[in-house]
Protein chains: 2
Amino acid sequence: MRGNLFAVAVDLVVLTVRDDRLCVLLTQRSAPPFPGEPALPGGFVRQREDLLDAATRELVEDTGLTVGRHHLEQLGSYAAPDRDPRGRVLTVGHLALLPGLAGEESGSGTAIGTWHPVGEVGHLAFDHARILADGVERARSKLEYTTLAASFCPPEFTVSQLRRVYEAVWGTTIDPRNFQRKVTSTPDFLLPTGEKVRTGRGRPGQLFQRGKATALHPPMLRDPAPLTNGGPVRVAALRNGDGRP
Amino acid sequence: MRGNLFAVAVDLVVLTVRDDRLCVLLTQRSAPPFPGEPALPGGFVRQREDLLDAATRELVEDTGLTVGRHHLEQLGSYAAPDRDPRGRVLTVGHLALLPGLAGEESGSGTAIGTWHPVGEVGHLAFDHARILADGVERARSKLEYTTLAASFCPPEFTVSQLRRVYEAVWGTTIDPRNFQRKVTSTPDFLLPTGEKVRTGRGRPGQLFQRGKATALHPPMLRDPAPLTNGGPVRVAALRNGDGRP
DNA sequence: GCAAAAGTGTTTGATATACACCCATGA
DNA sequence: TCATGGGTGTATATCAAACACTTTTGC
């Protein structure tokens, strides 16, 4: 067979929302290359393993998740000739979305890594900064036209929790009243459980489960460029209007 | 270095619009495996070549294109353990969009392949049917929220040509009058050249060049599922209204 | 009662659709 | 002058943004 041989790895951009901020799971490299530097979790693909299986295995090993209702999808492949000093390594980036862990595990990390707000991540080993950026952008744009935001929520959640996911991922604020109507009127997005939850202060919110819908028609439009520049390209969609403190 | 070694290939989903139909470039395999079967064009990645460089090289070799204003992007990677009987081969699918070639080359193919309407493609070698399906779906959805449709057009084109691209790719009809307003009112999508072109019958249309815009805000919504089922999920956007023959 | 969060109703403005209508050309 | 395609104007329906207002809880 013609062609040169590559080692093939999977790397994971594991995102969650903690304290109303979008966070990524990072590990510290122990062995060369780049010892001591932060990196995305990942590893090599095994003998008879498909890519998604390898990514699932790494996710379980690195987070201690058993099975969970997490989302996992392929992002893309990265294979620049010099990206790994050990030789030719192609890595297939994957995006995983986890609900914000409450309680015991919420300290600061998992079996193998620690959580970092995506805006505060500096240099990463290999080309992992690029993979992270691609993963974050994928997550941001998918919130617009899919129901993927629910993957950041526990099995039962309120409309407010879902809204805070959007606000954390996009870095915007959203009018709670219009958001409420929008998501509850999308068919099969949210299934009411009939239960309510007391969040401390204020009227208890209704609990929902995720419905079967995967697409949002019409999409939930974010301002075209709220995170990169402040250009008034277009009137913001779903912006908070009355500036509550 | 741990990990098993893979051969890495790139495969190309090369799409164009010919005779108002979305067509894909297919080759006939000569050597094993799957000799004689139709397949996507592609080949192995070379020693110090990045993925997009390899895909560009294959595109040039297979279509005879010199440089062109074609679009080329990565689709995703496919690495099922048994996808190639020769051994472990990971292939990185790519999507290329070409303008419909007019004149001499419009016969039926290119240096290495022939054009087939995507709806009439049967069995393909390897897992290429899956890669093709993913490429077509990517193209269809990208027309909604990007200006990518212009990649199917020559450097100068009319609004009608652009509309026929949408109609061919989506398999729908679009009201020419509303389409005209929509695309000409999107900032930086179309640059008027000032010239007009006589297409045979009817009033000559104005010629445009592609502008700098890449995103469409708001998106050009197609009916959620016009190609897979006919469910009246939602009123069609931009549907032809007066049923001209 | 007061603050805070959940949730509803309504006004208003933007936009897409449907379609009448005019323009420019070839036959 | 008729058929054909290019292109503009406009009424209507639809939907989202803005925001007043009510409900239900904790303190």
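In the text below, chain A, chain B and the rest are named by the order of the sequence lines, each starting its count at 1.
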What is the separation between atom [atom1] on [X] and atom [atom2] on [N], rounded to the nearest whole Å?
X: A:H217; N: D:dT14; atom1: NE2; atom2: P; value: 19 Å
X: B:K182; N: D:dG7; atom1: NZ; atom2: C1'; value: 18 Å
X: A:Q161; N: C:dA5; atom1: CD; atom2: P; value: 14 Å
X: A:Q206; N: C:dA5; atom1: CD; atom2: P; value: 19 Å
X: B:F179; N: D:dG7; atom1: CZ; atom2: P; value: 12 Å
X: A:I174; N: D:dA18; atom1: CD1; atom2: C1'; value: 15 Å
X: B:L190; N: D:dG7; atom1: CG; atom2: P; value: 11 Å
X: B:D175; N: C:dC21; atom1: CG; atom2: P; value: 16 Å

* To do: Please list, chain by chain and in numerical order, all residues satisfying ring pair (Phe, Tyr, Trp, His ring centres under 6.0 Å) with B:H128, sequence neighbours excluded.
  =>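 Scan of B:H128 (ring pair (Phe, Tyr, Trp, His ring centres under 6.0 Å), adjacent residues dropped) gives B:F126.
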* With sequence neighbours excluded, tell me which residues meet ring pair (Phe, Tyr, Trp, His ring centres under 6.0 Å) with A:Y78. =>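 Counting only residues at least two positions away or on another chain, A:Y78 forms no ring pair (Phe, Tyr, Trp, His ring centres under 6.0 Å).
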Any side-chain heavy atom of [X] sitting closer than 4.5 Å to one from [Y]?
X: A:F189; Y: A:F208; answer: no
X: A:V17; Y: A:R164; answer: no
X: A:R210; Y: A:L191; answer: no

* Going by an N to O cut-off under 4.0 Å, is there a salt bridge joining A:R130 and A:D134? ->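 Yes, this pair counts.
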* In terms of side-chain geometry, is the basic nitrogen of A:D175 or A:R177 positioned less than 4.0 Å from the acidic oxygen of its partner? ->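 Salt bridge: yes.
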* Asked: Partners of A:T199 by side-chain contact (heavy atoms from CB on, under 4.5 Å), sequence neighbours excluded?
  ->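 A:T199 satisfies side-chain contact (heavy atoms from CB on, under 4.5 Å) with no residue once adjacent residues are dropped.
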* Specify whether B:Y166 and B:F179 have parallel, tilted or perpendicular ring planes, treating 30° as the upper limit for parallel and 60° as the lower limit for perpendicular. =>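 Perpendicular: the ring planes of B:Y166 and B:F179 meet at over 60°.
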* Check B:T147, B:V183, B:T146, B:L143 against B:L216 for a side-chain contact (heavy atoms from CB on, under 4.5 Å) and give me the one that passes. =>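 One option only clears the test, and that one is B:T147.
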* Checking side-chain contact (heavy atoms from CB on, under 4.5 Å) against B:L97, which of B:L148, B:V169, B:V165, B:T16 comes through? ->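 One option only clears the test, and that one is B:L148.
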Every protein N/O within reach of nucleotides 25-27 of chain C N/O, cut-off under 3.5 Å:
| unit_1 | atom_1 | unit_2 | atom_2 | d |
| --- | --- | --- | --- | --- |
| C:dG26 | O4' | B:G200 | O | 3.4 |

Detail all sub-3.5 Å separations between protein N/O atoms and N/O atoms belonging to nucleotides 8-10 of chain C.
| unit_1 | atom_1 | unit_2 | atom_2 | d |
| --- | --- | --- | --- | --- |
| C:dG9 | N7 | A:R181 | NH1 | 3.2 |
| C:dG9 | O6 | A:R181 | NH1 | 3.4 |
| C:dG9 | O6 | A:R181 | NH2 | 3.2 |
| C:dT10 | O4 | A:R181 | NH1 | 3.1 |

* To do: Sort by first number and list every stem of DNA chain C: at least 3 consecutive Watson-Crick or G-U wobble pairs, both distances under 3.5 Å.
  =>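 Detected stem regions: C:1-27 with D:1-27.
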